[in-house]
Number of protein chains: 2
Amino acid sequence: MRIGTLAAAAGLSAKTIRFYEQAGLLPAPPRTAAGYRDYPAEAADRLAFIRDAAAAGLSLAEIRGVLTIRDARQPPCRHVTTLIETHLEHVEQRIADLLITRTALQGLHRRARAVDPADCGPEGICRILTTTA
Amino acid sequence: MRIGTLAAAAGLSAKTIRFYEQAGLLPAPPRTAAGYRDYPAEAADRLAFIRDAAAAGLSLAEIRGVLTIRDARQPPCRHVTTLIETHLEHVEQRIADLLITRTALQGLHRRARAVDPADCGPEGICRILTTTA
DNA sequence: GTAAACCTTCCAGCGTGCTGGAAGGTCAAG
DNA sequence: CTTGACCTTCCAGCACGCTGGAAGGTTTAC
């Protein structure tokens with residue numbers, strides 16, 4: 001399977017696949033006599049995993065961490081558990097941050113609807129945002 | 001008011017203030033005879049506005065949009081309201097994505113605790129993760 | 001008078017996740 | 001045989017929001 005076929009199958013560009021290889025997310029595949037990358041079918045699964053994990057918001061570094069340990073073929077279950085816990089903490093922290101942001105935005109939005117545009121004044125700073133510090 | 005004083009007042013670095021000027025968020029102030037930036041007191045208000053809007057998660061481009069309209073002496077309230085609504089949607093989408101990720105990680109974590117490390121087998125791929133890929 | 005703390009400009013890079021282009025080699029169809 | 005689609009490598013840059021450093025000029029404090 002050449003890179004273009006794999007790219008089409010995974011819904012990514014060939015460029016992105018080479019980038020993932022370079023970034024250590026996808027192992028370098030064997031090459032044809034002409035030097036073309038020749039992927040096994042499993043590569044599509046791996047790329048699908050990467051794509052989904054990335055879509056879910058994991059950074060490539062996080063995904064790489066999961067894949068690296070998986071690829072080690074050792075049973076480092078405790079390591080994996082720790083890794084998962086760490087990822088979970090990061091995700092929960094991000095959620096917490098975003099909830100704070102959301103609350104702030106909802107406050108701004110409430111105020112925005114309450115303010116009469118004519119009220120902003122010719123020189124005044126828009127009240128919606130300035131009162132929010 | 002020189003840049004260092006303003007920076008201290010606004011809780012930003014002098015570098016950041018120069019960057020904001022370069023980015024079109026802060027107008028270029030008059031200069032002293034020696035070429036030093038000499039800010040009026042209002043600059044601190046403007047920077048506070050920028051800081052607060054950024055803290056609420058608006059991008060510098062979005063803030064610039066608000067400021068540009070404000071500087072044109074038009075009431076930006078409706079624009080700001082729309083901006084907030086759009087941004088709120090993005091944040092909520094992001095939160096929803098992260099909640100899905102969190103659920104997935106929690107499931108992984110439960111499975112990790114349930115698996116006996118000896119169970120992973122010498123040649124098998126660790127089960128915790130493979131069932132997820 | 002001198003040393004430190006400040007200011008100026010410009011150029012460079014961080015990290016993230018790609019994307020584009022140039023210059024060249026290879027493969028399949030007509 | 002030629003055309004065009006595909007592949008290779010490498011180098012470059014996008015956006016984002018700064019941050020650091022070099023090389024110089026100025027102001028302030030002792």
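The sequence lines fix the lettering, A, B, ..., with proteins before strands; numbering per chain opens at 1.
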Participant: Return yes if some donor-acceptor pair links the side-chain N/O of B/Asp38 with the main-chain N/O of B/Met1 below 3.5 Å, else return no.
Facilitator: yes
Participant: Rounded to the Å, how far apart are B/Ile17 CD1 and D/dT19 P?
Facilitator: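 For the pair B/Ile17 CD1 and D/dT19 P, the rounded distance is 11 Å.
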Participant: Using only side-chain N and O atoms of A/Tyr20, determine if any of them is under 4.0 Å from OP1 or OP2 of C/dG17.
Facilitator: no
Participant: Do side-chain atoms of B/Arg51 reach the backbone of B/Ala10 as a donor and acceptor pair under 3.5 angstrom?
Facilitator: yes
Participant: Between C/dT19 atom C1' and A/Phe19 atom CZ, what is the distance in whole Å?
Facilitator: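 It is 10 Å, rounded to the nearest whole Å.
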Participant: With respect to the phosphate group of D/dT19, does any side-chain polar atom (N or O) of B/Thr16 fall under 4.0 Å of OP1 or OP2?
Facilitator: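 Looking at the OP1 and OP2 atoms of D/dT19, one of them is under 4.0 Å from a side-chain N or O of B/Thr16.
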Participant: Is there a side-chain contact between B/Arg37 and B/Glu21 in this structure, where contact means two heavy atoms from C-beta onward sitting under 4.5 Å apart?
Facilitator: yes
Participant: Looking at the side chain of A/Ile3, which of D/dC7, C/dC18, D/dC10 is the nearest nucleotide?
Facilitator: D/dC7
Participant: Measure from the side chain of A/Arg31, starting at C-beta and using heavy atoms only, and say which of C/dC18, D/dT9, C/dT8 lies closest.
Facilitator: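 When the side chain of A/Arg31 is considered, D/dT9 is the closest of C/dC18, D/dT9, C/dT8.
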Participant: B/Arg18 has a side chain; which of C/dT8, D/dT8, D/dG17 sits nearest to it?
Facilitator: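 The closest nucleotide is C/dT8.
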Participant: For a quick check of understanding: with a heavy-atom distance under 4.0 Å over all strands, which category does A/Thr32 fall into, base, sugar-phosphate or nothing?
Facilitator: nothing
Participant: Round to a whole Å and report the spacing from CG of B/Asp38 to C1' of D/dT27.
Facilitator: 14 Å
Participant: Does B/Tyr36 put a side-chain nitrogen or oxygen below 4.0 Å from OP1 or OP2 of D/dG25?
Facilitator: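 So the side-chain polar atoms of B/Tyr36 never come under 4.0 Å of the phosphate oxygens OP1 or OP2 of D/dG25.
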Participant: Could you tell me the separation between the CG atom of A/Leu6 and the P atom of D/dC7, rounded to a whole number of Å?
Facilitator: 10 Å
Participant: Remember a base hit wins even if backbone is also touched, and classify B/Arg37 as base, sugar-phosphate or nothing at under 4.0 Å, heavy atoms.
Facilitator: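 It contacts sugar-phosphate atoms only.
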Participant: Using heavy atoms to find the nearest nucleotide of DNA chain D for A/Tyr39 and B/Ala33 separately, return the residue whose nucleotide is more 5′.
Facilitator: A/Tyr39
Participant: Whole angstrom is fine here: how far is it from CG in B/Leu26 over to P in D/dG17?
Facilitator: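 In whole Å, D/dG17 P lies 16 Å from B/Leu26 CG.
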Participant: Taking C-beta and beyond as the side chain, do A/Leu67 and A/Leu26 meet within less than 4.5 Å on heavy atoms?
Facilitator: no
Participant: Using whole Å, what does the distance between atom P of nucleotide C/dC18 and atom CG of A/Leu12 come to?
Facilitator: 8 Å
Participant: Measure from CD on A/Glu62 to P on C/dT16 and round the result to the nearest Å.
Facilitator: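 Value for this atom pair: 10 Å.
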Participant: When you measure from the side-chain N and O atoms of B/Ser13 to the phosphate of D/dT19, is any distance below 4.0 Å, counting only OP1 and OP2?
Facilitator: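 For D/dT19, OP1 or OP2 has a side-chain N or O of B/Ser13 closer than 4.0 Å.
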Participant: How many whole angstroms separate atom CD of A/Glu21 from atom C1' of C/dC18?
Facilitator: 15 Å
Participant: Please tell me which of B/Ala34 and B/Ser59 maps to the more 5' nucleotide of DNA chain D, matching each residue to the nucleotide holding its nearest heavy atom.
Facilitator: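 First, find each residue's nearest nucleotide; the 5'-ward one identifies B/Ser59.
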Participant: Which nucleotide wins on minimum distance to the side chain of A/Lys15, given the candidates C/dG20, C/dC7, C/dC27?
Facilitator: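 Of the candidates, C/dG20 comes closest.
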Participant: Would you say B/Tyr36 and B/Ile3 make side-chain contact, with heavy atoms under 4.5 Å?
Facilitator: no
